[in-house]
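Accompanying notes for the structure given below.
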Amino acid sequence: MTKSEIIKILNEIGLLLELKGENFFKSRAYYDAANKLEVIQEDIQTLVSENRLGSIKGFGKALTSKITELVTTGEMEYYTKLKETVPKGLVSMLRISGLGPKKIMTIYKSLGVSTIEGLKEACENNRLLDLPRFSKKTKDKILEGIKNYNEYSEKFHYPIGEVLGSELLKYIKASGIVQRCEAAGSLRRKKEVLKDIDILVSSDEPDKVMDLFTSHYYVKEITGKGETKSSVVLQNGMNADIRVVSDSQYPYALHHFTGSKEHNTALRHLAKKQGIKMNEYGLFKDDELIICHNEEDIFHVFSMDYIPPELRENYGEIEAAENNELPVLVTNEDIKGVFHTHTNYSDGNATIEQLIIDCINRGYSYLGITDHSKTAIYAGGLTEEDIKRQHEEIDLLNEKYHDFKILKGIESDILPDGSLDYNERVLQSFDFIIGSVHSAFKMEQNKMTNRIIKAISNPYMNILGHPTGRLLLSREGYKIDVEQIIEACNENSVVLEINANPYRLDLDWRHMKNAKEKGCKFVISPDAHSIKEFDYMRYGINVARKGWLEKSDVINVLNKDEIVRYFM
DNA sequence: GCCGTTTTCGGCCCGACTGTTTTCAGTCG
């Protein structure tokens with residue numbers, strides 16, 4: 001049983017308990033445990049076998065014994081029995097906007113409806129109207145919720161939120177009726193996928209802001225409109241929320257709406273221990289406001305360093321901020337060059353020289369060329385002959401652009417048996433090699449892990465490309481033991497790629513802190529197939545920051561001479 | 001279900017909006 005399976009079960013128990021109308025705090029104990037497990041980097045099997053789970057805060061007697069049972073036997077009697085008492089469809093109904101556990105249970109108990117299809121049928125035949133507190137409006141709202149669930153239950157890649165968010169901000173700022181205005185929520189925290197866009201505004205005319213926001217031409221539907229808060233669905237199905245506060249409340253509100261929920265809960269808990277009440281309107285000691293002019297001031301009230309939004313995931317940032325141990329996060333400006341770029345030798349659309357010129361314009365001082373290797377026929381992988389030709393061209397270009405360095409690389413397929421794609425003589429001819437899996441994705445976990453570890457231990461391999469192969473919102477990563485891969489990379493001095501393509505963002509930031517603590521190095525790479533895709537770099541920086549990475553953890557902050565020495 | 005430097009019981013973060021009802025429950029973030 002893997003950690004992620006355990007996390008899933010704990011979360012599901014939380015949902016089931018909510019549906020059953022149990023004490024909400026009991027549900028929350030399960031959610032909290034699931035969240036904690038996600039943060040804990042240590043192997044869950046080890047924690048259980050060494051009886052250390054119970055010493056972690058949030059894991060009391062009951063949870064410890066239940067998780068132990070799950071880890072050792074693969075089953076949990078409590079969960080199995082609990083599942084039997086709640087029809088499966090009710091859990092998925094929770095994902096319909098406007099429906100919570102109470103309403104779902106009322107519908108189920110009175111009408112026996114236990115699927116979304118059944119619910120739709122019941123609404124259409126007006127069978128809900130006899131229930132207490134269910135009117136025509138409630139029914140219409142549920143139908144709307146079902147429609148939205150079917151159409152828009154998905155999340156969105158970060159760049160979509162980035163574009164829509166900045167347009168909305170520009171529009172609101174241009175009105176002249178707001179003082180401060182910025183994106184909050186997961187957009188500000190630079191999450192790799194977003195559910196919605198949160199916008200915070202300070203203004204003396206909240207009613208006008210509400211009208212302004214809800215009348216933007218992006219808005220397809222207004223789902224809520226109050227005095228200081230409105231919610232809309234945009235044309236592409238993404239939700240957007242706006243909140244207005246007075247300018248003096250803005251810093252507190254900005255922190256509040258930036259979240260994450262887990263970070264806020266943890267900080268409020270800490271505040272409460274110090275006798276401070278914390279909400280979106282302020283920090284209060286004995287009902288007296290503690291004046292803060294910006295977010296920095298808020299953290300200073302708690303004798304903490306400022307926590308950048310990217311880190312606010314309750315992954316240990318609060319403790320680190322208390323102990324002056326927060327990382328100095330890597331920035332865009334730190335990056336001195338890029339690797340993992342494809343040219344028109346394989347499936348890229350630019351020439352090597354076009355890439356060079358663009359890199360120089362962006363202020364980079366080196367470029368690693370890595371076209372696909374010969375097995376990747378679908379992507380025009382390079383034959384030995386192509387490689388020779390490309391290397392000759394690179395030699396000439398290195399002479400022409402003598403202040404710039406072009407490194408000869410290849411993105412070699414990691415073949416199903418774990419070997420790289422050329423013989424040793426050819427492998428030797430490169431300055432560096434990225435190894436990536438592009439085929440036979442469906443291997444069983446052990447086999448896949450061993451395949452990749454074998455490649456990592458190949459002395460010619462320098463970088464592990466998109467380590468898990470995931471495509472955000474469309475394809476799960478291949479089944480691998482990430483911990484073992486990280487271990488192998490560390491032992492063999494193989495650099496972990498942070499693939500900055502916003503559809504990948506792979507390695508996942510949740511693994512970075514652990515890998516960094518183990519001693520691993522990272523490279524942030526655009527995986528560019530065109531000049532335009534060098535723009536991807538900033539998404540890679542975003543997640544590197546979320547993964548607590550500092551300049552010293554990343555190799556493409558090195559200057560031209562240092563990077564040449566690095567691969568020697 | 002968890003937790004405790006006032007606590008082993010009684011809390012557990014907090015407020016806006018909606019809809020239904022006329023004082024509040026449910027949902028959401």
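Because only heavy atoms are used, hydrogens play no part in the values below, and waters and symmetry mates are left out as well, while side chains stay in.
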Looking at A:Cys181 and A:Val201, what are the two nearest heavy atoms and their distance?
SG-CG2, 3.9 Å

Could you check if the base of B:dT7 is syn or anti? Syn means the glycosidic torsion is within 90 degrees of 0.
syn

Do side-chain atoms of A:Tyr171 reach the backbone of A:Leu212 as a donor and acceptor pair under 3.5 angstrom?
yes

How close or far is atom C1' of B:dG19 from atom NZ of A:Lys136, stated in whole angstroms?
14 Å

If you find the nucleotide of DNA chain B closest to A:Gly226 and the one closest to A:Lys26, which residue's nucleotide is nearer the 5' end?
A:Lys26

In whole Å, measure the gap between the C1' atoms of B:dT8 and B:dG1 for me.
15 Å

Sequence neighbours excluded - side-chain hydrogen bond (donor to acceptor under 3.5 Å, both in side chains) pairs with any residue from residues 8-17 of chain A
A:Glu12-A:Tyr79

Qualifying residue, where the test is ring-ring contact (aromatic ring centres under 6.0 Å, His included) with A:Trp509 and the options are A:Tyr539, A:Tyr158, A:Phe522, A:Tyr315:
A:Tyr315

What I want to find out is whether A:Asp247 reaches A:Arg180 closely enough, with some N-O distance under 4.0 Å, to be called a salt bridge.
yes

Expressed as a whole number of angstroms, how long is the span from A:Leu16:CG to B:dG1:P?
13 Å

Sidechain N-carboxylate O distance under 4.0 Å for A:Asp287, A:Lys277:
no

Please list all pairs passing the salt bridge (Lys or Arg N to Asp or Glu O under 4.0 Å) test where one or both residues lie in residues 160-173 of chain A, with sequence neighbours left out.
A:Glu162-A:Arg538, A:Glu167-A:Lys170

How would you label the contact of A:Arg243 with the nucleic acid (heavy atoms, under 4.0 Å): base, sugar-phosphate, or nothing?
sugar-phosphate

Along DNA chain B (nearest heavy atom to each residue), the more 5'-positioned of A:Leu63 and A:Lys139
A:Leu63

Nearest-Å distance once atom C1' is located in both B:dT6 and B:dG11
14 Å

Phosphate OP1/OP2 of B:dC12 contacted by A:Lys273 side-chain N/O (<4.0 Å):
no

Is there a Watson-Crick or G-U wobble partner for B:dT8 with both distances under 3.5 Å, and which nucleotide is it?
none

Classify every nucleotide of nucleotides 22-29 of chain B by which part a protein heavy atom approaches to under 4.0 Å, writing B for the base, S for the sugar-phosphate alone and - for neither, in 5'-to-3' order.
--BBSSS-

Would you mind classifying the nucleic acid contact of A:Ser231 as base, sugar-phosphate or nothing, using non-hydrogen atoms under 4.0 angstrom?
nothing

With a 4.0 Å cut-off on heavy atoms, is A:Tyr281 in touch with a base, just the backbone sugar-phosphate, or nothing at all?
sugar-phosphate

Between atom NZ in A:Lys36 and atom C1' in B:dC3, what is the gap in whole Å?
11 Å

In whole Å, I'd like the distance from the CG atom of A:Leu200 to the C1' atom of B:dA16.
14 Å

Once you round it to whole Å, what is the distance between P of B:dC17 and CD of A:Glu227?
6 Å

For a quick check of understanding: with a heavy-atom distance under 4.0 Å over all strands, which category does A:Asn23 fall into, base, sugar-phosphate or nothing?
base

With respect to the phosphate group of B:dC12, does any side-chain polar atom (N or O) of A:Lys272 fall under 4.0 Å of OP1 or OP2?
yes

Using the C1' atom in both, what is the distance from B:dT18 to B:dT23, to the nearest Å?
15 Å

Between atom CD in A:Glu221 and atom P in B:dT18, what is the gap in whole Å?
13 Å

Going by the salt bridge (Lys or Arg N to Asp or Glu O under 4.0 Å) test, name the single residue among A:Glu310, A:Glu313, A:Glu192 that passes it with A:Arg545.
A:Glu310

Selection from B:dG19, B:dC14, B:dG1 that lies nearest to any side-chain heavy atom of A:Thr138:
B:dG19

Within a reach of under 6.0 Å around NZ of A:Lys479, are more than 12 heavy atoms found that belong to other residues, nucleotides or ligands?
no

Do any side-chain nitrogens or oxygens of A:Tyr252 fall under 4.0 Å of OP1 or OP2 in B:dC14?
no

Contact residues, residues 298-309 of chain A to DNA chain B [heavy atom, < 4.0 Å]:
none

By nearest atom, which of the nucleotides B:dC12, B:dG19, B:dC2 is closest to the A:Lys137 side chain?
B:dG19

Side chains of residues 82-92 of chain A: which donor-acceptor pairs under 3.5 Å do they make with residues two or more places apart or in other chains?
residue, atom, partner, partner atom, Å
A:Thr85, OG1, A:Lys20, NZ, 3.2
A:Thr85, OG1, A:Leu82, O, 2.6
A:Ser92, OG, A:Gly89, O, 2.9

Residue list, ring-ring contact (aromatic ring centres under 6.0 Å, His included) with A:Tyr218, at least two apart or on another chain
A:His216

Given atom CD of A:Glu18 and atom C1' of B:dG1, what is their separation to the nearest angstrom?
14 Å

Rounded to the nearest angstrom, tell me the gap between atom CD1 in A:Ile222 and atom P in B:dC17.
14 Å

For the side chain of A:Lys57, starting at C-beta, report the closest nucleotide among B:dC14, B:dC3, B:dC12.
B:dC3

